[in-house]
Amino acid sequence: MSENNTLYAGFSAKIDAVLAALEAEGVLPAGCPRNNVSVEPPRDASHGDLATNAAMVLAKQAKTNPRALAELIVEKLSADPFVTSAEIAGPGFINLRLDRAVWEIELDQIAGQGADYGKSAMGAGKRVNVEYVSANPTGPMHMGHCRGAVVGDALASLLEYAGHDVVREYYVNDAGSQVDTLARSAHLRYREALGEDIGEIPAGMYPGDYLVPVGKLLADKFGDQFVGKDEAEWLALFKSEAVAAMMDQIRADLAMLGIKHDVFASEAELQAAGKPEEAEKWLRAHDLVYDGILEQPKGKVLDDWEPVELPLFRSTKFGDDQDRPIRKSDGKWTYFGADLAYHMQKAEGADELIDIWGADHAGTVKRIKAAVAALSEGQGKPIPFDVKLVQMVQLLRNGEPAKMSKRSGNFVTIADMVEEVGKDVVRFSMLTRKPDAQMDFDFAKVVETSKENPVFYVQYAHARICSTMRKAAAEGIVPTADNMDLMGDDELALIKQAAQFPREVEAAARAREPHRIAFFLYDLASAFHSYYNLGNDDPAKRIIVAQQPDLSSARLFLVQQIGQVLKNGLALLGVEAVEEL
RNA sequence: GCGCCCGUAGCUCAGUAGGAUAGAGCAUCGGAUUCCUAAUCCGGGGGCCACAGGUUCGAAUCCUGUCGGGCGCACCA
């Protein structure tokens, strides 16, 4: 379960040793960079088990041609007992075939490591803070939050699996004017709960039904003491009460998706602690904040534009279009002003920061990255910081835009969606495409239990394995690793595919792309279904062959491990590995 | 006008640090079920990887430009 233990990393090291030997012999110049050398399974399995481009990459430096260098490498690699053949192909690829013992050992690894198979020490315990969701605490979660929530959560799990020490964080924006609106809307519902006819909810207030129980709660708690009173007497109180209620709601919504954050950081508390002031002071001292006047935005006509002097952060120094205000004209912090201080707070307990944002916030990435870079470097602790954008999801029903929810007032909630199609479908759907392309989510298609819907396909593979295990147990056949030599090419091919999992985890973690795991699982499920169906044409190829208990035990052992890998991958994505469909 | 993301089969999407003949599913056509779950499998047809240049042994992948779609562009969050 460490990076150096995976099969591919192991062979990578062997090839590296061969190159080092060639360097010692003077074939390769001393200290020549080998970081472009790749060791990976070839796309076409007929080429072998492993391929390396070493000869092509290094030929120039060795002052020879790729094929000549390849021959030298092949000569040394052939000496390895686990290498059964090493061939030069095409422009200079070296294709290796590995002894079947390699795969038998790998299968044993899966059995031995169980739920830990695929975990990696790549992250080396590096502390990564992943901030995701961070929806405003003004209502239930809606579709706009869903993709970022699932992708962020899966990414956090993936990094954890790959050996990082991960904190899942939610930034609660409880300090802006939107929570004032929330408090006023709640006050309206409070009066309603006390029997007043409040009529239509006025424009500018939150109209959703979800505030009705909040109003009732406030009425029960405070009676009529805040009716007809000046806003100053109740606003702060109603704010904190309503935000708390909304956060409970949001936590419940997230729980429906199987998401749980470690830290909920409050913007109001951040401000109360004077963090933004500290940041401003430092930035001013380093001439990164100055008082200036913004230009009128281009490409947009504004009737009420007035030039105002504001404290501006020099984000243009970092490639942004214009400098950005950190305070408003009333002296309060802008979102950005508080946010940069918030990122410094996160950086205190982390080695690396990742934010997951919706694509509608793409315009603000440059300024926050600039601010974090300036502050962290300036304060002597530069911190890697990445903002991952997830693109918009369009909700459809039979190809038409989906209707809004009554519960929410004006949007489709996550609760509605999960109730209708289920957590696993929602999560897997969001994870079977790369996040940086827009996607459509069609209720009608997504509930179909078919190939249209890959989650069932993968779950079915796992369920089929469980069912086979149950049947075998009933017949008194137990999986054993004792007769691996009975396994043929079909079985070995399946092991080879499952053996990619640790490598896949590391690659996905490195690229921060959890969707790769979903596609890997789909492919593995597909390979298993094919294998399973071999038994339909030829009874001798069934997993359980009554007359041959040794063979059956070996095959059972194999599919048991395939099931284990499917289970591990599904767990990583937060999807149930069901045992029956 | 500017910034960011996307453009791969009729449709929905993959394409692993630039690698070998670009892959799946759906749809379509043809097959497999007295047999471990057919929610499955096997096979056929279907591509100027938007377009044009460039980088190099090699480009769907990197760079530049053009076209098309999405998102954003006050002190909102």
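Convention: sequence-line order gives letters A, B, ...; per-chain numbering from 1. Excluded from the calculations below are hydrogen atoms, water molecules and symmetry mates; all remaining heavy atoms, backbone and side chain alike, are included.
Residues A/Glu491 and A/Arg555 are paired through a salt bridge, judged by an N-O separation under 4.0 Å between the basic side chain and the carboxylate.
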Compile the donor-acceptor pairs under 3.5 Å between side chains in residues 356-363 of chain A and protein atoms, sequence neighbours left out, one pair per line.
from	atom 1	to	atom 2	distance (Å)
A/Trp357	NE1	A/Asp355	OD2	3.4

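In this model, the phosphate group of B/rC41 is approached by a side-chain N or O of A/Tyr457 to a distance below 4.0 Å at OP1 or OP2. A close approach under 4.0 Å does not occur between any side-chain nitrogen or oxygen of A/Lys332 and OP1 or OP2 of B/rC75. Distances shorter than 4.0 Å separate some side-chain N or O of A/Ser467 from OP1 or OP2 on B/rU37. The side chain of A/Thr364 places no N or O atom within less than 4.0 Å of a non-bridging phosphate oxygen (OP1 or OP2) of B/rA77. Within the 4.0 Å cut-off from OP1 or OP2 of B/rA14, not a single side-chain nitrogen or oxygen of A/Thr432 is found. OP1 and OP2 of B/rC73 both lie 4.0 Å or more from every side-chain N or O belonging to A/Arg324. OP1 or OP2 of B/rU37 has not a single side-chain nitrogen or oxygen of A/His462 nearer than 4.0 Å.
Comparing B/rC36, B/rA20, B/rC71 by their closest approach to the side chain of A/Pro42 singles out B/rA20. For A/Arg367, whose side chain is taken as the heavy atoms from C-beta onward, the closest listed nucleotide among B/rA24, B/rA77, B/rA39 is B/rA77. Closest to the A/Ala51 side chain, of the nucleotides B/rA20, B/rC71, B/rU40, is B/rA20. Checking B/rA77, B/rC36, B/rC6 against every side-chain atom of A/Asp436, the shortest atom distance belongs to B/rC6. Nearest nucleotide to the A/Arg503 side chain, out of B/rC36, B/rU16, B/rA17: B/rU16. Considering only side-chain atoms of A/Ile543, the nucleotide from B/rC36, B/rA38, B/rC4 that sits closest is B/rC36. Nearest nucleotide to the A/Gln178 side chain, out of B/rC71, B/rG15, B/rA77: B/rA77. Nearest nucleotide to the A/Asp321 side chain, out of B/rG3, B/rA32, B/rC75: B/rG3. With B/rG19, B/rA17, B/rC36 as the candidates, the nucleotide lying closest to the side chain of A/Ile544 is B/rC36. Closest contact between the side chain of A/Ser329 and the listed nucleotides B/rC75, B/rG69, B/rU40 involves B/rC75.
Using modelled atom types and a 3.5 Å distance limit, the side chains of A/Asp44 and A/Ser46 yield a donor-acceptor pair. A donor-acceptor pair shorter than 3.5 Å can be found between the side chains of A/Tyr342 and A/Glu169. For the residue pair A/Gln500 / A/Tyr8, a side-chain donor-acceptor distance below 3.5 Å is found, with atom types taken as modelled. With hydrogens and angles left out, the side-chain atoms of A/Gln271 and A/Glu267 include a donor and acceptor closer than 3.5 Å. A donor-acceptor contact closer than 3.5 angstrom is absent between the side chains of A/Gln178 and A/Thr138.
Under the stacking definition used here (centres under 5.5 Å, planes under 30°), the residue A/Phe93 qualifies as stacked on the base of B/rA20.
Per the geometry, OH belonging to A/Tyr532 stands 11 Å off C1' belonging to B/rC41, to the nearest Å. The interatomic distance linking A/Lys434 (NZ) with B/rU8 (C1') rounds to 9 Å, in whole Å. Following rounding to the nearest Å, A/Asn533 (CG) and B/rG31 (C1') show an atom-to-atom distance of 13 Å. A/Tyr531 has its OH atom 11 Å from the C1' atom of B/rC36, to the nearest Å. The separation between A/Lys328 atom NZ and B/rA77 atom P is 4 Å, rounded to whole Å. Taking atom NE2 on A/His47 and atom P on B/rG19, their separation rounds to 15 Å, with Å as the unit. Rounded to whole Å, atom P of B/rG23 lies 22 Å from atom CZ of A/Arg433. Rounded to whole Å, atom P of B/rA77 lies 18 Å from atom CG of A/Asp355.
Separation of the C1' atoms belonging to B/rC48 and B/rC26 is 25 Å when rounded to the nearest angstrom. For the P atoms, the distance from B/rG47 to B/rU8 is 15 Å, rounded to whole Å. Rounded to a whole angstrom, the distance from the P atom of B/rG15 to that of B/rA74 is 34 Å. When the C1' atom is used for both B/rC42 and B/rA24, the distance is 15 Å, rounded to whole Å. Across the C1' atoms, B/rG7 and B/rC11 are found 15 Å apart, a figure rounded to whole Å. Taking atom C1' in both B/rC5 and B/rG44, the straight-line distance is 38 Å, to the nearest Å. Taking atom P in both B/rC13 and B/rG18, the straight-line distance is 25 Å, to the nearest Å. For the C1' atom pair drawn from B/rC29 and B/rU37, the interatomic distance equals 28 Å after rounding to whole Å.
With hydrogens and angles ignored, a donor-acceptor pair under 3.5 angstrom links the side chain of A/His361 to the base of B/rA77. Taking 3.5 Å as the limit, the base of B/rC36 and the side chain of A/Thr468 contain no donor-acceptor pair of atoms between them. No donor-acceptor contact under 3.5 Å links the side chain of A/Asp44 to the base of B/rA22.
At the heavy-atom level, A/Ala463 lies under 4.0 Å from base atoms of the strands shown. A/Ala89 comes within contact range of at least one nucleobase, with a heavy-atom separation under 4.0 Å. In this structure, A/Phe520 reaches neither bases nor backbone, as no heavy-atom distance under 4.0 Å exists between it and the strands shown.
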Discussion item. I'd like to compare against my own output: the B/S/- annotation of nucleotides 56-63 of chain B with a strict under-4.0 Å heavy-atom distance to protein.
Written reply: -S--B---

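Heavy-atom distances to RNA chain B give each of A/Gly90 and A/Asp330 a nearest nucleotide, and the one nearer the 5′ end belongs to A/Gly90. Sequence order on RNA chain B of the closest nucleotides to A/Met392 and A/Phe519 puts A/Phe519 first from the 5' end.
Figure legend: A/Arg367 and A/Phe313 shown without cation-pi pairing, the cationic atom not lying both under 6.0 angstrom from the six-membered ring centre and within 45 degrees of its axis.
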Worksheet item: Between A/Glu131 and A/Lys346, does a salt bridge (Lys or Arg N to Asp or Glu O under 4.0 Å) hold up when you go through it step by step?
Response: CA-CA 9 Å; A/Glu131 183 208 327; A/Lys346 285 196 288 187; 2.6 Å; yes

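Looking at residues two or more places apart in sequence or on another chain, you find a side-chain hydrogen bond (donor to acceptor under 3.5 Å, both in side chains) between A/Asp291 and A/Arg284. The side-chain hydrogen bond (donor to acceptor under 3.5 Å, both in side chains) search around A/Lys239 returns A/Asp180, not counting sequence neighbours.
The ring of A/Tyr132 has its center no closer than 6.0 angstrom to the ring center of A/Tyr170.
With the 3.5 Å cutoff on both pairing distances, Watson-Crick and G-U pairs in RNA chain B assemble into runs of at least 3 at B:1-7 with B:67-73, B:10-13 with B:23-26, B:28-32 with B:40-44, B:50-54 with B:62-66.
Within the structure, side chain to side chain donor-acceptor pair (under 3.5 Å) pairs that include any residue of residues 459-473 of chain A comprise A/Asp424-A/Gln459, A/Tyr460-A/Arg464, A/Arg464-A/His529, A/Lys471-A/Glu475 (at least two apart or interchain).
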